Amino acid sequence: MAVVMRAAAVYMLLLAVVVAGHFLANQFYDPALEGTSLTVWRVIDPLMVAGLVMVLVFAFARKRRLDANPAVDREYLETNVVFYYSAALLLALLWNWFGFEWVEPSNSAGWIWTVIDVTLPLLLASTGIRLLRSPS
């Protein structure tokens, strides 16, 4: 199980770098999302869904572990914020992705993509680092 957690952590960290890097770089080579950048996002989007599902699963496991202790402390608040924000972000990501890929005419919202592409790398990186630092 430790190997799976380490592999998931590395995946999340690499995906965080890819999403943040492409989010910034696409402003320089295809800001209108008409060519290569659009193709790259179409490859990254399902990877983002998978990464966010992993964040949600690990956040849920952490939340269940902390629910046994009813004390409201920093770890409790941190865990709940990550869990509920991850769930909300997953819904927004799926709605925007479905609207972009499979709805005609496309109904995805650009500002939602910006929120996703800015906050997802932070969630992925923080969860990946937490998993790498965890003893078990």
Side-chain angles (χ1 to χ4, degrees):
M1 186 64 168
V3 173
V4 173
M5 288 178 56
R6 300 272 183 227
V10 169
Y11 174 81
M12 285 187 239
L13 289 170
L14 291 174
L15 186 58
V17 170
V18 168
V19 171
H22 190 258
F23 176 70
L24 295 173
N26 106 39
Q27 288 296 331
F28 296 106
Y29 76 94
D30 189 11
L33 295 172
E34 295 171 341
T36 306
S37 179
L38 186 61
T39 305
V40 172
W41 280 122
R42 284 195 162 135
V43 171
I44 294 174
D45 286 344
L47 301 175
M48 290 168 51
V49 171
L52 193 50
V53 166
M54 283 192 267
V55 169
L56 194 58
V57 166
F58 287 119
F60 181 72
R62 186 174 173 212
K63 181 173 171 28
R64 296 291 299 163
R65 198 170 52 250
L66 287 178
D67 281 346
N69 181 12
V72 177
D73 56 1
R74 177 179 168 239
E75 187 174 10
Y76 175 84
L77 294 173
E78 206 175 276
T79 300
N80 279 285
V81 167
V82 169
F83 175 72
Y84 289 111
Y85 185 75
S86 298
L89 192 63
L90 180 62
L91 290 174
L93 174 59
L94 290 173
W95 183 86
N96 232 27
W97 184 42
F98 294 161
F100 173 71
E101 286 290 335
W102 297 290
V103 174
E104 195 58 47
S106 179
N107 70 350
S108 65
W111 67 271
I112 295 177
W113 282 122
T114 301
V115 170
I116 292 166
D117 295 339
V118 167
T119 59
L120 183 67
L122 300 174
L123 279 172
L124 290 169
S126 66
T127 303
I129 290 168
R130 178 173 298 282
L131 287 174
L132 286 176
R133 289 182 179 171
S134 69
S136 57

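The structure displayed is predicted, hence computed values, not measured ones.
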If you look at every heavy atom in A125 and A16, which pair is closest and at what distance? N-CB, 4.0 Å
Report the distance from atom CG of D67 to atom CZ of R62, rounding to the nearest 0.5 Å. 12.0 Å
R65/E75 ion pair, N-O < 4.0 Å: no
Would L122 end up clustered with Y11 when hydrophobic side chains under 4.5 Å apart are linked, directly or stepwise? no
Are M48 and W95 linked, directly or through intermediate hydrophobic residues, by side-chain heavy-atom contacts shorter than 4.5 Å (ILVMFWY only)? yes
Check which hydrophobic residues are tied to V72 through side-chain heavy-atom contacts below 4.5 Å, counting indirect links as well, and list them. Y76, L77
Validation row: L131, R6 side chains within 4.5 angstrom (heavy atoms): no
Output, in order, the C-alpha distance, side-chain angles, deciding distance and verdict of side-chain contact (heavy atoms from CB on, under 4.5 Å) for V118 and W113. CA-CA 8 Å; V118 167; W113 282 122; over 6 Å; no
Which atoms form the tightest heavy-atom contact between L56 and F83, and what is the distance? CD1-O, 3.5 Å
Are L15 and M12 close enough that some pair of their side-chain heavy atoms sits under 4.5 Å apart? no
Quick check: closest heavy atoms across V19 and W41, and the distance to 0.1 Å? O-CH2, 4.0 Å
Counting C-beta onward and ignoring hydrogens, is there a side-chain heavy-atom pair between V40 and Y29 closer than 4.5 Å? yes
What I'd like to find out is whether the side chain of V17 reaches to under 4.5 Å of the side chain of P121, using heavy atoms alone. no
Report whether L14 and L24 are members of the same hydrophobic cluster (ILVMFWY, side-chain heavy atoms less than 4.5 Å apart, transitive linking). no
Considering only heavy atoms from C-beta outward, does the side chain of V18 approach that of L47 to under 4.5 Å? no
Heavy atoms from other residues, nucleotides or ligands near CZ of R42 exceed 12 (cutoff 6.0 Å): yes
In short, N96 meets A109 closest at the heavy-atom pair OD1-N, 2.8 Å
Would you say that L38 contacts F100 through its side chain, given a criterion of any heavy-atom pair below 4.5 Å between the two side chains? yes
At what distance, to the nearest 0.5 angstrom, does OG of S134 lie from CD1 of I129? 12.5 Å
Are V57 and V49 linked, directly or through intermediate hydrophobic residues, by side-chain heavy-atom contacts shorter than 4.5 Å (ILVMFWY only)? yes
Minimal heavy-atom distance between S86 and V55, with the atoms involved, is OG-CG1, 3.3 Å
Testing the basics here: between F58 and A8, what is the closest heavy-atom pair and its distance to 0.1 Å? CE1-CB, 3.9 Å
Hphob cluster co-occupancy, L120 + W111, side-chain heavy atoms under 4.5 angstrom: yes
Measuring from E78:CD to L66:CG, what's the distance to the nearest 0.5 Å? 10.0 Å
When rounded to the nearest 0.5 angstrom, what is the spacing between CG in L52 and CG in L93? 6.0 Å
Would you say the side chain of I116 lies within less than 4.5 Å of the side chain of W97, judging by non-hydrogen atoms? no
In this structure, CD of Q27 is separated from NE2 of H22 (nearest 0.5 Å) by 10.5 Å
I'd like to check T127 versus M54 (side-chain heavy atoms, cut-off strictly below 4.5 Å). Are they in contact? no
